[in-house]
Protein chains: 2
Amino acid sequence: MPAQTSHKPPQRGLRADARENRDRILRAAREAFATQGIDVPVAAIARRAGVGVATLYRRFPTRDALVTEAFAEQLGHCVSVLDEGLADPDPWRGFCTVVERVCLMQAADRGFTQAFLTEFPDQADFARERSRAEEGLALLIRRAKEAGALRQDFEPGDVTLLLLANCGVTSGAGEEAATASRRLAAYLLHAFRADAAAPLPRPARLGLERIHA
Amino acid sequence: MPAQTSHKPPQRGLRADARENRDRILRAAREAFATQGIDVPVAAIARRAGVGVATLYRRFPTRDALVTEAFAEQLGHCVSVLDEGLADPDPWRGFCTVVERVCLMQAADRGFTQAFLTEFPDQADFARERSRAEEGLALLIRRAKEAGALRQDFEPGDVTLLLLANCGVTSGAGEEAATASRRLAAYLLHAFRADAAAPLPRPARLGLERIHA
DNA sequence: GGGTAAACGGACGCCCCTCTCCGTTTGAGC
DNA sequence: GCTCAAACGGAGAGGGGCGTCCGTTTACCC
């Protein structure tokens, strides 16, 4: 079989106007989701993009498909943030950076946050990205522990915990979202430090996939 | 004027069957909200209560009125938890108890949590309870600081921060909600301790009323 | 037990959202 | 420039939730 050309198949072979419209729809969707939340009617997105609803549905057969595609970019961004964190010679600093950046991404995009909280289209693409993210994260955590910076009883599910917590904060805090998110991250990162160790209750069994349960 | 007899006016003077039905509706609503979330259709609540929709709407003229009334009990419970915390001779322990208990209440009731996160009917009753809660909380915080247990740069908005964070966790963690909530509370309470002090970013301006912005 | 106002319940109107159908327009190759 | 498949867009079908109307039933009082 031919090497699968990235995960954006339906771009090639489209007529010029169709491709243009497809881009406008995606841009409009991202804007709408970010500002109005993930529940904006499809019609509103179409209007914002300057196309008819039928055009939108021709490219994205269902609402979920559009949501998925619209957030693929953000998801990719998350992964690259993680890569940067892994590249940092100081694993603790790398870990902190990842957490802070992702939290701020959530704070800046209401739709992205909601997508985390509510059930989400579990497309195949996402599963792949997610498992990559899980591996990278586990590696970063292991390194940070070995460096003696991250507490020993920390575990990967605690990252999910933090992300969910941040979802709540960013959904609820309105315009203060970014400030609140920063403060939450600071508090939690502080509690995660090894030198802050004090007994913890047993961990929740939260994988990254649990997020969309 | 006659002393206002608590804040449950429309109980007296109802016909026996009507009062019975009213209670069943409230019970059904609380169950439905707790298990299915705050978005259950009114019709489902009516069915569960064994009454027609019209009967429901006769007692609770709008959906929001029903939600408000259904959660009044929980809100009262929160306040009494706070009172208990205030009664503890050790203000830090009192503070921890309040936080942990309220977090677990949220974890146990999906609807209550959602009501925190999403916009909420700002009924007059609630404003009163809320300001009482704010005062009590501020007092508890002041005492805990004076006792040297709570960090000096902690501020009331951080309680809102914690509650919102817990909302996110409990909405997202499914059956692990209680476990996750406990762990989050432990982490944050730990970070709130005075002996854990490290510089924080500037606080978010979150009052309790901000929760429903 | 009989009269009456209160309470009941289901059917219905209204609105909004998702997705489809179909007649019209347009880009691309010759 | 001509042809035609590809793309377009608006109108509308289908479904669901909120709140109301109105004919029927029932508790309470005498």
Side-chain angles (χ1 to χ4, degrees), chain A residues 9-29 31-33 35-71 110-111 114-115 118-121 123, chain B residues 9-29 31-33 35-71 110-111 114-115 118-121 123:
Chain A
Q11 197 93 354
R12 230 195 176 87
L14 279 187
R15 230 168 63 178
D17 54 346
R19 182 154 61 246
E20 159 80 5
N21 277 338
R22 187 174 187 282
D23 286 354
R24 301 214 327 217
I25 290 168
L26 271 180
R27 235 175 303 137
E31 285 171 21
F33 290 149
T35 57
Q36 331 249 111
I38 210 175
D39 289 327
V40 279
V42 171
I45 296 174
R47 206 176 322 119
R48 187 189 278 252
V51 304
V53 264
T55 299
L56 193 157
Y57 276 103
R58 200 168 305 110
R59 294 296 151 241
F60 308 96
T62 169
R63 178 198 175 76
D64 278 356
L66 175 60
V67 173
T68 304
E69 189 74 20
F71 286 121
R110 190 172 158 192
Q114 279 180 294
T118 66
E119 66 236 279
F120 204 72
Q123 299 279 70
Chain B
Q11 195 95 353
R12 230 198 175 85
L14 279 188
R15 231 167 64 176
D17 54 346
R19 183 154 62 244
E20 159 81 4
N21 278 337
R22 187 173 188 280
D23 286 353
R24 300 207 338 210
I25 291 169
L26 272 180
R27 235 176 302 138
E31 283 171 22
F33 290 150
T35 59
Q36 330 250 110
I38 209 175
D39 289 327
V40 279
V42 172
I45 296 173
R47 206 176 322 120
R48 187 188 276 254
V51 303
V53 263
T55 300
L56 194 158
Y57 277 106
R58 199 167 307 108
R59 294 297 152 240
F60 307 96
T62 169
R63 179 199 174 75
D64 277 357
L66 176 60
V67 174
T68 305
E69 189 74 19
F71 285 121
R110 189 170 159 194
Q114 279 181 294
T118 65
E119 65 235 281
F120 204 74
Q123 299 278 70

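Below, read A as the first sequence line, B as the second, and so on, with proteins coming before strands; counting in each chain starts at 1.
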Pairwise 5' ranking along DNA chain D for A/Asp17 and B/Ala43, keeping only the more 5' one: A/Asp17
Whole angstrom value for the distance that separates C1' of D/dT20 from CZ of B/Arg63: 17 Å
side-chain N/O A/Thr55 vs D/dG9 OP1/OP2, d < 4.0 Å: yes
Integer-rounded Å distance: C/dC17 C1' and A/Leu56 CG: 14 Å
A/Phe60/A/Thr68 under side-chain contact (heavy atoms from CB on, under 4.5 Å): CA gap, chis, key distance, verdict: CA-CA 10 Å; A/Phe60 308 96; A/Thr68 304; over 6 Å; no
Closest listed nucleotide, where the reference is the side chain of A/Tyr57 and the choices are D/dC28, D/dA7, C/dT18: C/dT18
Rounded distance (Å) that lies between atom C1' of D/dA7 and atom CZ of A/Phe60: 15 Å
Sugar-phosphate only, base, or nothing, as touched by A/Val51 at under 4.0 Å among non-hydrogen atoms: sugar-phosphate
Proximity to the side chain of A/Ala16 - top-ranked nucleotide from D/dG19, C/dA28, C/dC8: C/dA28
Whole-Å distance separating the CZ atom of A/Arg24 from the P atom of D/dA7: 16 Å
D/dA7 OP1/OP2 closer than 4.0 Å to side-chain N/O of A/Arg22: no
Comparing A/Val42 and B/Val53 on DNA chain C - which has the more 5′ nearest nucleotide: B/Val53
A/Asp39/A/Gln114 under side-chain contact (heavy atoms from CB on, under 4.5 Å): CA gap, chis, key distance, verdict: CA-CA 9 Å; A/Asp39 289 327; A/Gln114 279 180 294; 4.0 Å; yes
B/Ile38 CD1 - D/dG17 P separation (whole Å): 16 Å
OP1 or OP2 of C/dC8 under 4.0 Å from side-chain N/O of B/Arg58: yes
Presence of salt bridge, B/Arg27 and B/Glu31, under 4.0 angstrom: no
Protein-nucleotide distance (A/Arg47, atom CZ; C/dC16, atom P), rounded to Å: 12 Å
Sugar-phosphate only, base, or nothing, as touched by B/Ala54 at under 4.0 Å among non-hydrogen atoms: base
Minimum-distance nucleotide to B/Ala18 side chain [options: D/dA7, C/dT18, C/dC8]: C/dC8
Rounded distance in Å - CD1 (B/Ile45) to C1' (D/dG19): 14 Å
Candidates C/dA28, C/dA7, C/dT18 - which lies nearest the side chain of A/Arg15: C/dA28
Length of the CG-P vector between A/Leu14 and C/dT26, whole Å: 19 Å
Nearest to side-chain heavy atoms of B/Pro41, which nucleotide of C/dC8, D/dA11, D/dC18: D/dC18
side-chain contact (heavy atoms from CB on, under 4.5 Å) assessment of A/Leu14 paired with A/Arg59: CA-CA 10 Å; A/Leu14 279 187; A/Arg59 294 296 151 241; 3.9 Å; yes
Minimum side-chain heavy-atom gap A/Leu66-A/Ile25 below 4.5 Å: yes
Phosphate-side-chain proximity, B/Asn21 and C/dA7, N/O vs OP1/OP2 below 4.0 Å: no
A/Thr62 vs C/dT18: side-chain N/O to OP1/OP2 distance below 4.0 Å: no
Straight-line distance of B/Ile45 CD1 to B/Gln36 CD, nearest 0.5 Å: 9.0 Å
